[in-house]
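A note on names: the letters A, B, ... follow the listed sequences, proteins ahead of strands, and every chain is numbered from 1.
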Amino acid sequence: MRIVFMGTPEFAVPSLEALLASEDQVVGIVTQPDRPKGRGHELAPPPVKLVAQRAGIPFLQPLKIRTPDFLEALAAWKPDLIAVTAFGRILHAPILNLPPKGCVNVHGSLLPKYRGAAPVQWAVINGETETGITTMLMDEGMDTGPMLLQERIPILPDDTAGTLAPRLAEVGGRLLVETISRLKAGAIAPCAQDHAQATMAPLLKKEDGMIDWTGSAQSIVNRVRGMSPWPGAYTFYGQERWNIWKAAAVQEPAQGQPGTILIGAKQSLKVATGNGLLELLEIQTANSKRMSVGQFLAGHRIDSGVRLGAATV
RNA sequence: CGCGGGGUGGAGCAGCCUGGUAGCUCGUUGGGCUCAUAACCCAAAGGUCAGAGGUUCAAAUCCUCUCCCCGCAA
């Protein structure tokens, strides 16, 4: 079959590579335009583009999807099927209807849970112990199409969004190839989602990383995990912004108001929460790199009793 | 030419503005204390202060350039 692949970030790379290694032919790739990134204003190519170049497969980086030009270019590739993993754009009907076999999407959750742009992160933030990959036939909604295959994987207690995503992406690649193969054989029955069970996993915003100390210690741990490596969970020590990269709930009763710092022996820094104590393990302050709390305390004088929270003037 | 912070013994920081024998917390090593210890006490080792040039009697500190790192913003 002739397949067009659409995808953008690192998460999409295993899907593309799995397709390239499969019996089907990837005749074209669509990815997002290079974007300014990093400290200067250098343009950074999306990971999928790099793979496309290395594989020597023609690719497009349209600024806008809903144009006659793009649709024409897509049609010229004569795809039997379009495979989509984390492309980052909504496909409208003219594209969805283009390939005879339809458009297959790889989604990083157990649909109908966690529809949307950040399913991996929100699953971790909500403390799920299991997630997975769902392949589906795309329709015009946001991850609402009928499901094809699903595979579950556990979320480990120490997983962050950053450690979980690559594992899911691998499963995604495998499941994508299997899905296509079974579609060709007519050995798969699309199964409508139970829309009543649907939940949303919207794109993460910076503010989603703001730690609410009135929550439980475990809920804060989960937020820290889900916001890593981007955009990061944070709080304020006075006016100074602290990014928290690793934390653990401690089996001790909290002392003081939520957010109160407790400096202990052994170079430890614990914080009272709405329910339980939270020990900070890895921290990053402005203009500095992330470091263990032990290292941080070696060079910074932090007093017990100070409250973390919103920025104070 | 997007804005800003920084590179000081192994780690994290102070000192720089107001030039003049390099300091703090921790780690390491040795010793002591202790039933014992990741705890405590004593001692030691370890730095061409990122690099190059300049000003000066004298530069970590002032000026110029280079390299590297980081935060914000995207």
task = Using only side-chain N and O atoms of A:Gln295, determine if any of them is under 4.0 Å from OP1 or OP2 of B:C26.
result = no

message = When you measure from the side-chain N and O atoms of A:Ser288 to the phosphate of B:C13, is any distance below 4.0 Å, counting only OP1 and OP2?
response = yes

message = Taking pairing as Watson-Crick or G-U wobble with both contacts under 3.5 Å, can you name the mate of B:U18, or confirm there isn't one?
response = none

key: Pairs meeting criterion salt bridge (Lys or Arg N to Asp or Glu O under 4.0 Å) with involvement of residues 203-226 of chain A, two or more places apart   = none

request  = Please determine if A:Glu151 and A:Arg174 form a salt bridge, counting it only when a charged side-chain N lies under 4.0 Å from a carboxylate O.
outcome  = yes

message = Minimum heavy-atom separation for A:Ala272 and A:Gly256, please, with both atom names.
response = CB-O, 3.9 Å

Nearest-angstrom distance, P atom, B:C49 to B:C40 = 33 Å

key: Integer-rounded Å distance: B:A11 P and A:Lys289 NZ   = 10 Å

request  = Give a yes or no on this: more than 12 heavy atoms of other residues, nucleotides or ligands lie within 6.0 Å of atom NZ of A:Lys184.
outcome  = yes

remark   = note: A:Ile283, atom CD1; B:A11, atom C1'; distance rounded to Å ~ 16 Å

query = If the C1' atom of B:U66 is compared with that of B:C26, how far apart are they to the nearest Å?
reply = 34 Å

query = Is there a Watson-Crick or G-U wobble partner for B:C40 with both distances under 3.5 Å, and which nucleotide is it?
reply = B:G32

message = I need a per-nucleotide contact map over nucleotides 42-47 of chain B, read 5' to 3'. Cutoff is protein heavy atoms under 4.0 Å; write B for the base, S for backbone only, - otherwise.
response = ------

ask   = Which nucleotide in the list B:A73, B:G71, B:G12 gets nearest to the side chain of A:Lys206?
value = B:A73

key: Pairwise C1' distance, B:G6 and B:C13 [rounded to whole Å]   = 12 Å

remark   = Checking N1-N3 plus N6-O4 or O6-N4 for Watson-Crick, or N1-O2 and O6-N3 for wobble, each under 3.5 Å, the partner of B:G47 is none

inquiry  = Can you check the distance between B:A22 and B:G32, where both ends of the measurement are the P atom (answer in whole Å)?
reply    = 32 Å

ask   = Roughly how many Å is it from CE in A:Met291 to C1' in B:G12, rounded to a whole number?
value = 6 Å

key: Residue A:Lys246 excluded, over 12 heavy atoms near NZ under 6.0 Å   = no

key: Whole-Å distance separating the CD atom of A:Gln239 from the C1' atom of B:G71   = 16 Å

key: Under-4.0 Å salt bridge between A:Glu178 and A:Arg182   = yes

ask   = Does CD belonging to A:Gln251 count more than 12 external heavy atoms closer than 6.0 Å?
value = no

query = Can a donor-acceptor pair be found between the side chains of A:Thr31 and A:Gln61 at a distance below 3.5 Å?
reply = no

request  = Just name whichever nucleotide pairs with B:C13, Watson-Crick or G-U, keeping both distances under 3.5 Å, else none.
outcome  = B:G23

Nearest-angstrom distance, C1' atom, B:G7 to B:A45 = 25 Å

task = Figure out the CG/C1' separation between A:Asp303 and B:U25, and round it to whole Å.
result = 14 Å

query = Considering Watson-Crick and G-U wobble pairs with both distances under 3.5 Å, what does B:G4 pair with?
reply = B:C70

task = Rounded to whole angstrom, note down the C1' distance from B:U25 over to B:A36.
result = 27 Å

Separation between the C1' atoms of B:G9 and B:C24, rounded to whole Å = 13 Å

request  = Please state how far atom CZ in A:Phe296 lies from atom P in B:C24, giving the value in whole angstrom units.
outcome  = 21 Å

query = Whom does B:U64 pair with, Watson-Crick or G-U wobble, provided both distances fall under 3.5 Å?
reply = B:A52

request  = Let me know the distance between CD1 of A:Ile302 and P of B:C26, rounded to the nearest Å.
outcome  = 15 Å

Parallel, tilted or perpendicular: rings of A:Trp242 and A:Phe296 (30°, 60°) = perpendicular

Pairwise P distance, B:G27 and B:C68 [rounded to whole Å] = 35 Å

query = Can you tell me how far P of B:G12 sits from CD of A:Glu282, to the nearest Å?
reply = 13 Å

query = Out of B:A11, B:C72, B:C70, which has the shortest distance to the side chain of A:Ala298?
reply = B:A11

